[in-house]
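Here is how names work: the chains are called A, B, and so on, in the same order as the sequence lines, proteins then strands, and each is numbered from 1. Keep in mind that this is a model prediction, so the values were computed, not measured.
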Amino acid sequence: MRWTQTFIPTMKETPEGAEIPSHVLMLRAGFINQVMAGAYTYLPLGLRALKKAERIVREEMDRAGAVELLMPALTPLSLWERSGRREAFGNVLIQFQVRRQNREVQMALGPTHEEVITDLVAHHISSYRQLPITLYQVQNKYRNEERPRFGVLRTSEFLMKDAYSFDTSLDGLNTSYQRMYDAYCRIFERSGLSYIAVEAESGPIGGDASHEFMVLAENGEDIVVTCADCGYAANQERADTGDRAAQPPDDDAAKLTKVDTPGARTIEEVCRLLKCQPRQMIKTLIYLVDDRPTAVLIRGDHEANEAKLRRALGATSVELAPPETIEKVTRAPVGFAGPVGLELPIWADHDVAGIGDAVVGGNEADKHLTAARLSRDFQVENFADLRHAGEGDPCPRCSGNLALRRAIEVGHVFKLGTKYTDVLDAKFLDDQEQLHSIIMGCYGIGVNRILAGLVETSHDDAGIIWPLSLAPYEILLAPLKISDDEVRQTAERLHDQLQNAGVDVLLDDRDVRPGVKFKDADLIGIPLRVVIGQRGLAQGQLEIKWRTENEAGTIPLEGAAETLVSMLEQAKCSGDSS
RNA sequence: CGGGGCGUAGCUCAGCUUGGCUAGAGCGCUGCGUUCGGGACGCAGAGGUCGAAGGUUCAAAUCCUUUCGCCCCGACCA
């Protein structure tokens with residue numbers, strides 16, 4: 001491809017509003033263009049990179065025995081009502097109606113396709129002889145994100161590979177799941193991403209029913225918890241914490257005392273006023289658990305984990321109570337809730353038990369209590385692990401300590417069980433003529449996020465550094481002075497030879513100064529740059545430079561195409577992008 | 001949905017506090033010339049409903065009201 005014949009609008013300055021590297025660089029390098037918040041055009045370079053990622057995904061899905069199909073993005077709203085997810089998705093589901101002759105047809109743009117595929121399988125699969133099967137597609141998904149952000153990292157329309165496995169037994173599901181898990185590892189390795197697989201929120205099946213594939217990156221939206229000693233890794237939403245030695249309560253029994261804390265509603269304010277540490281305080285959070293007010297006690301320096309709370313209480317919905325409710329049940333303004341004398345079910349995190357004499361809210365305006373003691377001054381109905389794992393917490397698997405890292409979720413594998421097959425009536429007859437629900441798994445990859453994750457973790461001050469596997473072009477030819485006949489003809493001959501050899505080659509045939517070509521070359525990040533200049537040609541040489549290296553080298557002009565092809569071959573074999 | 005920031009040329013921004021002449025700069029773009037191995041220089045140009053609507057005023061990019069859009073933090077995210 002010739003630069004002057006394609007469309008690569010690079011930018012010297014960072015557009016207003018772009019902050020994180022992947023967004024800034026993909027905009028500046030002419031890969032994407034924003035159409036509105038959460039919707040981007042993929043320009044020619046961006047599309048080529050996206051197609052490369054897509055191809056890797058397809059190859060590994062096919063290799064794992066999954067079969068590709070294509071479902072419509074347009075879906076009947078009734079399907080979402082049947083599964084109950086019209087309500088579960090709420091505003092995220094993009095719904096609309098259109099008129100057809102004399103009736104209104106209600107539709108939704110698919111945010112994911114469990115319902116559509118399960119309905120398909122329900123109609124066409126009825127025997128164990130047709131199972132197992134794993135089906136997949138690569139398709140745009142639509143979610144009305146409350147807050148799209150970070151360039152292509154979180155958008156309302158995005159390209160997703162979604163696969164669904166259908167099995168007759170849990171063992172079968174485990175096999176299908178493992179096959180997808182392994183395929184995911186190969187996909188992310190081939191994409192040149194450094195990723196980790198972490199345990200994720202697993203829903204009804206429990207156990208190791210869900211893993212997320214994470215790219216560690218400063219600007220990631222998720223937080224993962226890792227243990228350097230044993231390799232334990234989990235999403236913070238789900239991460240367990242190890243046992244912590246409980247502090248024996250101080251036996252010099254201090255008496256429960258009411259103190260004035262005017263206007264001190266937050267942990268910090270109370271600590272400043274009473275000169276105590278957050279870890280000596282108990283936060284009393286009032287939650288609506290399936291619409292029932294419930295008090296949850298968390299140590300002052302910890303944070304409540306609503307997913308754990310939901311699981312521990314076996315609830316379907318958990319949300320912080322509105323101020324009116326808090327004021328009603330505590331008979332105090334928000335900020336002064338405490339467990340002493342509170343007439344609500346009280347749950348507490350394990351670590352609350354080790355505080356000893358604690359500072360708690362007084363259930364009265366501008367009052368707190370000091371030296372509040374568990375069992376003497378207040379009772380707790382149940383203890384559970386209800387808090388987020390924190391930096392330095394004990395590992396649940398070994399004696400190590402946990403570390404927190406930010407990460408980008410690029411893939412998610414999930415054992416669904418019969419959640420959808422039950423409600424959508426997807427059943428099979430086994431060899432004993434017994435009817436069972438088909439057992440399902442689902443497996444998603446955000447294809448755009450492969451690119452964003454790569455750029456986020458592979459760039460320098462000058463621009464993007466693409467691996468060969470995802471680069472829009474493998475080789476960039478930079479003839480420094482296009483008006484020189486020898487330079488131009490050499491470049492064009494080389495371009496044609498490489499193209500005929502099946503190499504993705506881009507020829508920068510613009511009549512611009514060398515500096516412009518070098519800057520743009522670094523910015524768009526093509527892995528191998530070949531400079532064709534009068535100086536080198538006089539010595540029968542071409543300058544070559546890998547984007548990852550600081551120093552340039554030379555190769556003889558004679559047989560240059562063959563040399564370059566074998567260099568690429570070698571790099572593909574030795575690199576992690578095989 | 002709560003908090004904060006920003007909308008002036010294709011891009012980055014100045015001008016607004018304290019209303020006033022033909023609305024500016026750099027980059028980019030067009031033409032000519034000189035240049036040509038890390039974003040060159042000179043000359044001449046094109047390009048604007050100052051996000052939109054309403055109001056105050058002799059006069060609004062500038063002051064007031066409303067509204068739309070974009071970005072960030074938080075909440076939310078099968």
Visitor: Considering the options N305(A), L285(A), L309(A), which one meets the side-chain contact (heavy atoms from CB on, under 4.5 Å) requirement together with I298(A)?
Guide: L285(A)
Visitor: Could you state the NZ-P distance from K481(A) to U34(B), rounded to the nearest angstrom?
Guide: 12 Å
Visitor: Check the distance between G74(B)'s P and I223(A)'s CD1 and give it to me in whole angstrom.
Guide: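 Value for this atom pair: 9 Å.
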Visitor: Taking the same atom, P, in U17(B) and in A61(B), what whole-Å distance lies between them?
Guide: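 It works out to 12 Å between them.
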Visitor: Please give, in whole Å, the distance from G37(B) C1' to D508(A) CG?
Guide: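 From D508(A) CG to G37(B) C1': 14 Å.
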Visitor: With L193(A) as reference, evaluate I187(A), I408(A), I450(A), L216(A) under the side-chain contact (heavy atoms from CB on, under 4.5 Å) test and give the passing residue.
Guide: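 Of the listed residues I187(A), I408(A), I450(A), L216(A), the side-chain contact (heavy atoms from CB on, under 4.5 Å) partner of L193(A) is I450(A).
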Visitor: Between A78(B), G38(B), C77(B), spot the one nearest the side chain of R154(A), thanks.
Guide: C77(B)
Visitor: Could you tell me whether the side chain of Y443(A) reaches within less than 4.5 Å of the side chain of S176(A), counting heavy atoms only?
Guide: yes
Visitor: Using atom P in both nucleotides, what's the gap between G28(B) and U22(B) to the nearest angstrom?
Guide: 31 Å
Visitor: Using only heavy-atom distances, decide whether a donor-acceptor pair under 3.5 angstrom links the side-chain of R529(A) to the base of G38(B).
Guide: yes
Visitor: Let's go through E114(A) and T112(A) carefully: what are the C-alpha distance in whole Å and the side-chain angles of both, what is the deciding distance for side chain to side chain donor-acceptor pair (under 3.5 Å) to 0.1 Å, and is it a yes or a no?
Guide: CA-CA 6 Å; E114(A) 281 84 1; T112(A) 173; 2.7 Å; yes
Visitor: Measuring from F166(A):CZ to I438(A):CD1, what's the distance to the nearest 0.5 Å?
Guide: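 If I round to the nearest 0.5 Å, the distance is 7.0 Å.
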Visitor: Mind checking the C1' distance from A23(B) to C50(B)? Whole angstroms is fine.
Guide: 8 Å
Visitor: For G74(B), which nucleotide is its Watson-Crick or G-U wobble mate, given both distances must be under 3.5 Å?
Guide: C1(B)
Visitor: Distance check, rounded to the nearest 0.5 Å: F188(A) atom CZ versus M214(A) atom CE?
Guide: 11.0 Å
Visitor: Checking all strands, does A37(A) fall into the base, sugar-phosphate, or nothing category for heavy-atom contacts under 4.0 angstrom?
Guide: sugar-phosphate
Visitor: Could you pick out which residue, Q534(A) or G151(A), lies toward the 5' side of RNA chain B when each is mapped onto its nearest nucleotide?
Guide: Q534(A)
Visitor: Hey, what are the protein-to-nucleotides 1-5 of chain B N/O distances that come in under 3.5 Å?
Guide:
none

Visitor: Rounded to whole angstrom units, what separation is found between the CE atom of M36(A) and the C1' atom of G51(B)?
Guide: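 Distance, rounded to whole Å: 18 Å.
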Visitor: For G24(B), what is the paired nucleotide under Watson-Crick or G-U wobble rules, both distances under 3.5 Å?
Guide: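 Partner of G24(B): C13(B).
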Visitor: Using the C1' atom as the point on both nucleotides, what is the distance between U57(B) and C63(B), in whole Å?
Guide: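 One C1' to the other, the span is 10 Å.
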Visitor: Whole Å only: how far is the CG atom of N144(A) from the P atom of A78(B)?
Guide: 15 Å
Visitor: Has Q236(A) got a side-chain atom pairing as donor or acceptor with A389(A)'s backbone, closer than 3.5 angstrom?
Guide: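 Side chain of Q236(A) to backbone of A389(A), a donor-acceptor pair under 3.5 Å: yes, one is there.
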Visitor: If you measure from the C1' atom in A46(B) to the same atom in U30(B), how many Å do you get, rounded?
Guide: 7 Å
Visitor: Between Y420(A) and K517(A), which is nearer to the 5' end of RNA chain B once each is assigned its nearest nucleotide?
Guide: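 Result of the comparison: K517(A).
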Visitor: Counting only Watson-Crick or G-U wobble pairs whose two distances fall under 3.5 Å, which nucleotide matches A60(B)?
Guide: none
Visitor: If the cut-off is 4.0 Å, is Q34(A) near the phosphate of C71(B), judged by side-chain N/O to OP1 or OP2?
Guide: yes
Visitor: Any chance you could measure R299(A), atom CZ, to K283(A), atom NZ, to the nearest 0.5 Å?
Guide: 11.0 Å
Visitor: Suppose we define a pair by two distances each less than 3.5 Å, Watson-Crick or G-U wobble; what does A46(B) pair with here?
Guide: none
Visitor: Which residues within residues 4-15 of chain A lie with some heavy atom under 4.0 Å of an atom in RNA chain B?
Guide: K12(A), E13(A), T14(A), P15(A)
Visitor: Just checking E19(A): base, sugar-phosphate only, or nothing, at a heavy-atom cut-off of under 4.0 Å?
Guide: sugar-phosphate
Visitor: What is the base-pairing partner of G69(B), counting Watson-Crick and G-U wobble geometry with both distances under 3.5 Å?
Guide: C6(B)
Visitor: Where the side chain of V531(A) is concerned, which of C72(B), G39(B), G37(B) is the nearest nucleotide?
Guide: G37(B)
Visitor: Any side-chain N or O of R513(A) less than 4.0 Å from the OP1 or OP2 oxygen of A40(B)?
Guide: yes
Visitor: When rounded to the nearest Å, what value does the distance between C1' atoms of G20(B) and C16(B) take?
Guide: 14 Å
Visitor: By the 4.0 Å heavy-atom rule, please label V516(A) as base, sugar-phosphate, or nothing.
Guide: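 Counting heavy atoms under 4.0 Å across all strands, the contact made by V516(A) includes a base.
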Visitor: State which residue, out of Q139(A), H412(A), K141(A), fulfils the side chain to side chain donor-acceptor pair (under 3.5 Å) condition with D162(A).
Guide: K141(A)
Visitor: Within the structure shown, what part of the strands sits under 4.0 Å from R86(A) by heavy-atom distance: base, sugar-phosphate, or nothing?
Guide: nothing
Visitor: Given atom CZ of F150(A) and atom C1' of C70(B), what is their separation to the nearest angstrom?
Guide: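 Taking atom C1' of C70(B) as the reference, CZ of F150(A) is at 15 Å.
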Visitor: Is the W3(A)-Y473(A) ring centre distance short of 6.0 angstrom?
Guide: no
Visitor: Figure out the CD/C1' separation between E306(A) and A75(B), and round it to whole Å.
Guide: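 Going from CD in E306(A) over to C1' in A75(B) covers 9 Å.
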Visitor: Using a distance-only test with no angle check, is there a side-chain donor-acceptor pair under 3.5 angstrom linking H211(A) and Y177(A)?
Guide: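 Checked: H211(A)/Y177(A) side chains pair up, N/O donor to acceptor below 3.5 Å.
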Visitor: Starting from P on C72(B), measure out to CD on E145(A) and report it in whole angstrom.
Guide: 13 Å
Visitor: Would you classify E87(A) as touching base, sugar-phosphate or nothing, given that sugar-phosphate means primed atoms plus P, OP1 and OP2, and contacts are heavy atoms under 4.0 Å?
Guide: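 Nothing, no nucleic acid heavy atom in range.
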Visitor: If the P atom of C13(B) is compared with that of C72(B), how far apart are they to the nearest Å?
Guide: 15 Å
Visitor: Taking only residues two or more places apart in sequence or in another chain, which ones pass ring-ring contact (aromatic ring centres under 6.0 Å, His included) with H23(A)?
Guide: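 Partners of H23(A) under the ring-ring contact (aromatic ring centres under 6.0 Å, His included) test: Y40(A).
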Visitor: C36(B) and C73(B): how far apart are their C1' atoms, nearest whole angstrom?
Guide: 48 Å
